[in-house]
Amino acid sequence: FTLMNVILETERLLLRTFTMDDVQLIYELNQDPEVIKYTLDPIKDLNHASEILEKTILPQYVLYNHGRWAVHTKHNLGFIGWCGLKARPERNEIDLGYRFIKSSWGKGYATEAAFASLNYGFNTLQLPRIVGRAMPQNVGSIKVLEKCKMKYIGDDIVDDHLAKTYEAINLRLYD
């Protein structure tokens, strides 16, 4: 990847836009059953990964000026997953999401990337509200939302499964 498509930089991470060259990365990330245990969206093959990039991930950049971004560690530029904002027009909301390879779990990367994504959404994009959701059993993901100071607002059925819903409000818009 080129540093030209880096959107966010944190202390340890670079977040960049995906391209169609990232099919293999998306595919491999989703091959670990533990990574997709709570996402309920397995990727069947490289063609399916390509379709997800082309129809779901890339259009968000054009339509909304944000999306899910590839996350790399600064120290070796290794790909460790994705994080970012996704418009859900059918729910009239912006969703914070993340997914990381298992070897990067427990190192604070998800929290670091999620916090940077929230700040970007509020400070750069001036979004009024961002939600985050996790299945009740997904304790790790819930911890990330809580560490990002998102507030638990209740349980919802989303995409046909129960999800704990958290929100963050852009207080700057209400000063």
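Computed from a prediction, not measured in an experiment: that's the story for all the values here.
Crowding of N92 atom CG: a count of heavy atoms from other residues, nucleotides or ligands under 6.0 Å not exceeding 12. Within 6.0 Å of CD on E11 lie no more than 12 heavy atoms contributed by other residues, nucleotides or ligands.
In this structure, CD in Q24 is found 11.5 Å from OG in S50, a value given to the nearest 0.5 Å. Note: H66 NE2 to I7 CD1 = 11.5 Å, rounded to the nearest 0.5 Å. Separating the CD atom in E112 from the CG atom in L8 is a distance of 11.0 Å, to the nearest 0.5 Å. Annotation: the span from I43 atom CD1 to Q31 atom CD amounts to 8.0 Å, rounded to 0.5 Å. Between the CZ atom of R133 and the CG atom of D159 there is a distance of 8.5 Å, given to the nearest 0.5 Å. To the nearest 0.5 Å, the span separating CD1 on I142 from OH on Y38 amounts to 9.0 Å.
Defined by atom type and a distance below 3.5 Å, a donor-acceptor pair is missing between the side-chain atoms of Y152 and E146. In summary, the side chains of S141 and Y98 do present a donor paired with an acceptor at a separation below 3.5 Å, with no hydrogens or angles considered.
Residues passing the ring-ring contact (aromatic ring centres under 6.0 Å, His included) test with F79, sequence neighbours excluded: H72. Every residue two or more places apart in sequence or in another chain was checked for a ring-ring contact (aromatic ring centres under 6.0 Å, His included) with F18, and none qualifies. Listed by chain and residue number, E34 satisfy the side-chain hydrogen bond (donor to acceptor under 3.5 Å, both in side chains) test with K102 (two or more places apart in sequence, or in another chain). Applying the side-chain hydrogen bond (donor to acceptor under 3.5 Å, both in side chains) test to N47 and every residue at least two apart in sequence or in another chain returns nothing. Under the ring-ring contact (aromatic ring centres under 6.0 Å, His included) criterion, F115 pairs with no residue, sequence neighbours left out.
Within the 4.5 Å cutoff, the side chain of R91 has no heavy atoms near those of the V131 side chain. Proximity of V71 to L14: side-chain heavy atoms (C-beta onward) are nowhere separated by under 4.5 Å. Inter-residue side-chain proximity for R172 and N123 is flagged as met; some heavy-atom pair is nearer than 4.5 Å. The closest side-chain heavy-atom distance from T111 to C148 is below 4.5 Å. No side-chain heavy atom of T10 sits less than 4.5 Å from a side-chain heavy atom of K74. The shortest side-chain heavy-atom distance between I57 and I26 falls under the 4.5 Å cut-off.
The two residues I80 and S104 make their nearest non-hydrogen contact at O-OG, 3.8 Å. For R129 against I94, the heavy-atom pair with the smallest separation is O-CB, 4.1 Å. The minimum heavy-atom distance linking G81 with L29 is given by the pair CA-CD2, 4.2 Å. The two residues V23 and A49 make their nearest non-hydrogen contact at O-CB, 3.7 Å. Of all the heavy atoms in G84 and W69, the pair that sits closest is CA-CE3, 3.8 Å.
Of the residues I169, L118, L85, the one that meets the side-chain contact (heavy atoms from CB on, under 4.5 Å) test with L127 is L85.
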message: Quick one, K37 with N138, criterion side chain to side chain contact (heavy atoms under 4.5 Å, CB included). Give me CA distance, side-chain angles, the key distance, then yes/no.
response: CA-CA 9 Å; K37 184 175 183 180; N138 193 346; over 6 Å; no

field: Residues L145, L96; criterion side chain to side chain contact (heavy atoms under 4.5 Å, CB included); working and verdict
entry: CA-CA 9 Å; L145 297 172; L96 169 69; 4.2 Å; yes

task: Output, in order, the C-alpha distance, side-chain angles, deciding distance and verdict of side chain to side chain contact (heavy atoms under 4.5 Å, CB included) for T165 and E93.
output: CA-CA 12 Å; T165 301; E93 61 190 24; over 6 Å; no

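Evaluation of the side chain to side chain donor-acceptor pair (under 3.5 Å) test over residues 76-87, restricted to residues two or more places apart or in two chains, returns T73-N76.
Remark: the backbone N or O of M20 is not paired with any side-chain donor or acceptor of E54 at under 3.5 angstrom. No donor-acceptor pair under 3.5 Å is formed between the side chain of Y27 and the backbone N or O of D22. Side chain of N170 to main chain of F122: a donor-acceptor pair is present (N/O by atom type, distance under 3.5 Å, no hydrogens or angles).
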